[in-house]
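Report on one structure; see the data block that follows.
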Amino acid sequence: MKKIHIAVLAIVMLLMVSLVFAQQGQETFVSGDVSATNTPSGVVVQGEQVAVTVPIQGPGQTAHKAAARQTAKANQQALGAKATQADNAASLKKGEPKLKVDTTTTETDVYDVRTKNKKGVTNYGVVEKTVTNPQGKQNTAGVVYSSYAPSKAALTNAKEMEVSLAGGMTVFLNKDNQDGRYASTGFASSVTALKNVNDYLALGLDYMMLHPHGKTHGSGATERHYHGIYAHDISLAGKLTINPWDNFRIYSPMGVGMMNARLKTENGGLTARDDKWGAAFYVGAGMQYDITCWMFAGLEYRYTYGFISDKDLTPLHKDDNLQFHTFMLRVGMRF
């Protein structure tokens, strides 16, 4: 009976010893470039100059989990070391970075600068820009306008064309051979179209009609009656403005062209009617006010001289060339 007990006890002891030696066998875990080996003295992790020994904590699943955690940690450390070495190698290949020297620009703004004159009101900002190049040389410049409100004179001068009509009175001062005037004060009119050459000078065409009223001298058989003279003048016209940047302007009209004059004379029952073409010119002075930038009105005086002798118009002549003094009110439009 004792032998049986001893045999059973021996068998149990053998089984326990075999289990202990079975747990102390070797297991290998591989992850990437790192290996972990379970040995009788513990777990050894190798790779990338990293070795970690993990003791077995006990039988079963607990030892396996501990070994896996240690393996992952060793793997992470190994990969980090490898990445650091790769970065260092790449940095050495690139060499020292070169220093960059670029141009620099500095801007200083000064606003609310206001200028007012006959051309209008200007509000602008002064932009002072300083540019420094790589050699250290600086350049400063720059003015930028922000707003401009033109004056009425500026808007007027911006228009290139003008057309005007004028009407008034004319005085014909020529006298016959008995020192009697051919006509009294009469009617005058004018149509003018001009184009601006610049702010001061405009050129174009002008038509002027002068009609002093007739006059009678003497009575009975010695009566002489003039029915009134008609003068039609077509000229190349000009207009010289003295102060083009004011709303109240002073100017000088001028023109040169051709005139046709006609006069009817009755004397002692005889009638004579003659007309004549000849060269003519006029000069004068005027003043006008710009009601708006496109409309104006003013007064104008012209002295007109025709190279036509009164001997070509009436038998009672003094052989004098025709002369007229004319005053007119002029209104016009610009566009």
Practice problem: Treating Ile, Leu, Val, Met, Phe, Trp and Tyr as nodes and any side-chain heavy-atom pair under 4.5 angstrom as an edge, say whether Tyr289 and Leu329 lie in one connected cluster. | Solution: yes
Residues at least two apart in sequence or cross-chain that pass ring-ring contact (aromatic ring centres under 6.0 Å, His included) with Phe281, listed by chain then number, are Tyr305
The ring-ring contact (aromatic ring centres under 6.0 Å, His included) partners of Phe324 (sequence neighbours excluded) come to Phe172
Output for pair (Ser309 OG, Asn321 CG), nearest 0.5 Å, gives 6.0 Å
Residue set satisfying ring-ring contact (aromatic ring centres under 6.0 Å, His included) with Tyr303, at least two apart, ordered chain then number -> His325
Checklist entry - Within the side chain of Asp310, is there an N or O that forms a donor-acceptor pair under 3.5 Å with the backbone of Lys318? => result yes
Distance col, row Asn247:CG vs Lys118:NZ, nearest 0.5 angstrom, shows 9.5 Å
- Item | Check: Lys159 and Asn196 side chains under 4.5 Å, non-hydrogen atoms | no
Enclosure of Glu160 CD (heavy-atom neighbours >12, cutoff 6.0 Å): no
Minimal heavy-atom distance between Ala153 and Asp246, with the atoms involved, is CB-N, 4.3 Å
Between the side chains of Glu266 and His227, is a donor N or O closer than 3.5 angstrom to an acceptor N or O? yes
- Query: Below 4.0 angstrom, N of the basic side chain to O of the carboxylate: do Arg224 and Asp176 qualify?
  - Reply: yes
### Query
Are Ile242 and Leu299 connected in the hydrophobic side-chain network, where two residues link if heavy atoms are under 4.5 Å apart?
yes
> Looking at the rings of Tyr230 and His211, which for Trp means the six-membered one, are their centres under 6.0 Å apart?
Replying inline: yes
Decide whether Asn267 and Thr265 meet the rule of one side-chain donor and one side-chain acceptor closer than 3.5 Å. no
Exercise for review: Mind running salt bridge (Lys or Arg N to Asp or Glu O under 4.0 Å) on Asp320 and Lys311 for me, showing each step along the way?
Suggested key: CA-CA 8 Å; Asp320 290 333; Lys311 71 178 182 180; over 6 Å; no
### Query
So is Lys239 actually on top of Tyr251's ring, under 6.0 Å and inside 45° of the axis?
yes
On a heavy-atom basis, the closest approach of Met287 and Phe248 is SD-CZ, 3.9 Å
Query raised in the report: Same cluster or not: are Leu194 and Phe296 linked, directly or through other Ile, Leu, Val, Met, Phe, Trp or Tyr residues, by side-chain heavy atoms under 4.5 angstrom apart?
Result: no
Exercise. Are Asp274 and Arg262 within salt-bridge range, i.e. N to O under 4.0 Å?
Worked result: no
Between Arg249 (side chain) and Pro244 (backbone), is there a donor-acceptor pair under 3.5 Å? yes
Ion pair present between Arg302 and Asp206, side-chain N to carboxylate O less than 4.0 angstrom? yes
